[in-house]
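Computed from a prediction, not measured in an experiment: that's the story for all the values here. Residue numbers begin at 1 in each chain, while the letters A, B, ... track the order of the sequences.
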Number of protein chains: 2
Amino acid sequence: MMVTSTSRTERTRAGLQAAALRLFSEQGYDATTVEQIAREAGVSHMTFFRHFPTKDAVVLDDGFDPAIAAAVAAAPTGLPPLTRVCAGLRAALTHVDLPGQEEVRVRVRIAAGHPVLRAGTFAATEATQEAIAEVLVADGVSPFEARIASAAALAALTVALLEWCLSDQDVPMSSRLGAALDVLDGTARR
Amino acid sequence: MMVTSTSRTERTRAGLQAAALRLFSEQGYDATTVEQIAREAGVSHMTFFRHFPTKDAVVLDDGFDPAIAAAVAAAPTGLPPLTRVCAGLRAALTHVDLPGQEEVRVRVRIAAGHPVLRAGTFAATEATQEAIAEVLVADGVSPFEARIASAAALAALTVALLEWCLSDQDVPMSSRLGAALDVLDGTARR
DNA sequence: TGCCCCAATGTTAGTGGCTAACATTTGGTG
DNA sequence: CACCAAATGTTAGCCACTAACATTGGGGCA
């Protein structure tokens, strides 16, 4: 019996993800086969697809998206849509430099260098985008404007994230992301 | 001898694209095989891939992207980056309602309803994004801010385009896209 | 403890996107 | 008309991904 609360499912999934990230880092995304990942994790390739819908989902599933929508919801109302979204996202950035995010950085670094995965990174934010838009709509913003504002802000954030990973400066991630938001809501306009 | 200046290559390509769009509209993107498209156009499946790198490229290649960057370059300098990009894009919208864009609308309509193609639509703007960013950099904007501004604006425009296609209102496309830009550069903020 | 049930996994076979290598045709040119 | 090169066809194969069915293993209940 396991003392840790990790079920078999969670263990298998974690093993697959670990194997995948290691192999992707070592020999590249394209050169790595799902078959190979599965073998490395001690399972069959079918098990892989039972835990991840596609090969790129191993890299793209971040799942810290609901927290973002919550932060936007907590931001003060009454602001113009884009300003409101930026304010919420800025608040969420507080938690982004914490340790334990190293695995996220590995994932983003793999994605940043690969055209298909870069595209997938944007696609992966669509759920978050919709969640943020709903928050705005609940405050009386039109659905159209809500979607535009959240899409623009998330695109800015995603580009900033990818660029930050490619040029691994020592500037903290949060300040880079904050600068991206400044471009949007005019804090940077003298 | 052909009086028209269409080379064999152009004719084959056009035939493939026409066949693809017709089949996609009739029976859906997923249910249509490249094999089928090729047969319909009277060629083999290899010829398809010699003209389009991937299956989705038939839907996603618009190629009216360089004009957009030119319009941004023509916009007045000295504005904050995002304002500048929006001004340029607004100018480009003048030409967007012209007739003959019907085929573009067919393509976007197909893309709008399909998750993978929606994602691809964003990815397809990356070249334009980079072109706009270069224009800004040439005017002294930092590469980082330039990329953020152009990514945000194009994301807004792309979302507006997709939404406009899904809810085929009788509101003209240009006014919808213009409204999206308003959300970004504050024209809408009283 | 021991049994049993079901969820997790394995096996196998197949489809379709995409590529490489090589053979073949076609169209324009000297 | 003959020739060269570009466009196309053929074939074979890899890999992501799926369906259908068999198998196993582990946790709960008697």
Side-chain angles (χ1 to χ4, degrees), chain A residues 1-21 23-24 26-61 110-111 114-120 123-124, chain B residues 1-21 23-24 26-61 110-111 114-120 123-124:
Chain A
M1 133 181 340
M2 280 262 128
V3 177
T4 72
S5 63
T6 63
S7 67
R8 172 155 70 139
T9 298
E10 290 168 32
R11 259 178 293 137
T12 307
R13 188 191 152 93
L16 280 167
Q17 188 157 39
L21 294 183
L23 289 173
F24 290 163
E26 285 170 12
Q27 50 183 347
Y29 178 82
D30 290 325
T32 304
T33 295
V34 170
E35 186 70 42
Q36 206 178 339
I37 299 170
R39 203 167 33 231
E40 190 84 3
V43 296
S44 82
H45 86 280
M46 270 306 300
T47 296
F48 177 94
F49 287 112
R50 288 203 180 94
H51 288 273
F52 301 95
T54 58
K55 180 183 175 184
D56 52 18
V58 190
V59 185
L60 265 25
D61 278 8
I110 294 172
H114 196 285
V116 174
L117 293 179
R118 274 182 81 95
Chain B
M1 128 192 352
M2 279 261 127
V3 178
T4 72
S5 63
T6 63
S7 67
R8 174 160 64 141
T9 299
E10 291 167 32
R11 257 178 293 135
T12 307
R13 187 191 151 94
L16 281 167
Q17 189 157 37
L21 295 183
L23 290 172
F24 289 163
E26 285 170 12
Q27 50 183 351
Y29 178 81
D30 289 325
T32 304
T33 296
V34 170
E35 187 71 42
Q36 207 179 340
I37 298 169
R39 202 166 37 229
E40 190 84 2
V43 296
S44 83
H45 85 280
M46 272 305 301
T47 296
F48 177 93
F49 287 112
R50 288 202 180 92
H51 288 273
F52 300 96
T54 58
K55 180 183 175 185
D56 53 18
V58 190
V59 185
L60 265 26
D61 277 9
I110 295 171
H114 197 285
V116 175
L117 294 179
R118 274 181 81 95

Check your understanding: Would you call the rings of A:Phe48 and A:Phe52 parallel, tilted or perpendicular if under 30° counts as parallel and over 60° as perpendicular?
Key -> tilted
Practice item. Between B:His51 and A:Pro53, just flag the one whose closest nucleotide in DNA chain D comes earlier from the 5' side. Key: B:His51
Check your understanding: Taking for each residue the nucleotide of DNA chain C bearing the nearest heavy atom, is the 5' side occupied by B:Thr54 or by B:Arg50?
Key -> B:Thr54
Study note, to complete from the structure: Between B:Ile110 and the options B:Leu21, B:Leu60, B:Asp56, the side chain to side chain contact (heavy atoms under 4.5 Å, CB included) test singles out B:Leu21
Practice item. Evaluate the side-chain contact (heavy atoms from CB on, under 4.5 Å) criterion for residues B:Glu40 and B:Thr32: first the C-alpha distance (whole Å), next the side-chain angles of each, then the deciding distance (0.1 Å), finally the verdict. Key: CA-CA 11 Å; B:Glu40 190 84 2; B:Thr32 304; over 6 Å; no
Review point. Below 3.5 Å, does any donor atom in the side chain of B:His45 face an acceptor in the base of D:dT10, or the other way round?
Key: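 Not at all, since no donor on one side and acceptor on the other fall under 3.5 Å apart.
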Check your understanding: Side-chain donor or acceptor of A:Arg8 under 3.5 Å from a matching atom on the base of D:dG27?
Key ->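 Counting by modelled atom types and ignoring angles, no donor-acceptor contact under 3.5 Å is found here.
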Rounding to an integer number of Å, can you tell me how far [X] [atom1] sits from [N] [atom2]?
X: A:Asp30; N: C:dT19; atom1: CG; atom2: C1'; result: 13 Å
X: A:Phe49; N: D:dA19; atom1: CZ; atom2: P; result: 12 Å
X: B:Glu35; N: C:dT15; atom1: CD; atom2: C1'; result: 12 Å
X: A:Phe48; N: C:dT9; atom1: CZ; atom2: P; result: 13 Å
X: B:Leu16; N: C:dG17; atom1: CG; atom2: P; result: 14 Å
X: A:Arg13; N: C:dA7; atom1: CZ; atom2: C1'; result: 17 Å
X: A:Arg39; N: D:dC15; atom1: CZ; atom2: C1'; result: 13 Å
X: A:Lys55; N: D:dC15; atom1: NZ; atom2: P; result: 9 Å

Check your understanding: Which part of the nucleic acid does A:Thr33 contact within heavy-atom distance under 4.0 Å: base, sugar-phosphate only, or nothing?
Key ->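 The answer is sugar-phosphate, as A:Thr33 gets under 4.0 Å only of primed atoms, P, OP1 or OP2.
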Exercise for review: Would you indicate what B:Ser44 reaches in the nucleic acid, counting non-hydrogen atoms under 4.0 angstrom: base, sugar-phosphate, or nothing?
Suggested key: base
Point to revise | Short side-chain N/O contact to C:dA8 OP1/OP2 from A:Thr47, under 4.0 Å | key: no
Point to revise | Options C:dA8, D:dT18, C:dT9, nucleotide nearest the side-chain atoms of A:Met46 | key: D:dT18
Review point. Regarding A:Lys55 and the six-membered ring of A:Phe24, is the cationic atom NZ or CZ under 6.0 Å from the ring centre and inside 45° of its axis?
Key: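 The answer is no, since A:Lys55 fails at least one limit relative to A:Phe24.
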Review point. Where do B:Ala119 and A:Ala123 come nearest, in terms of heavy atoms and distance?
Key: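 Distance-wise, the nearest heavy atoms are CB-CB, 3.4 Å.
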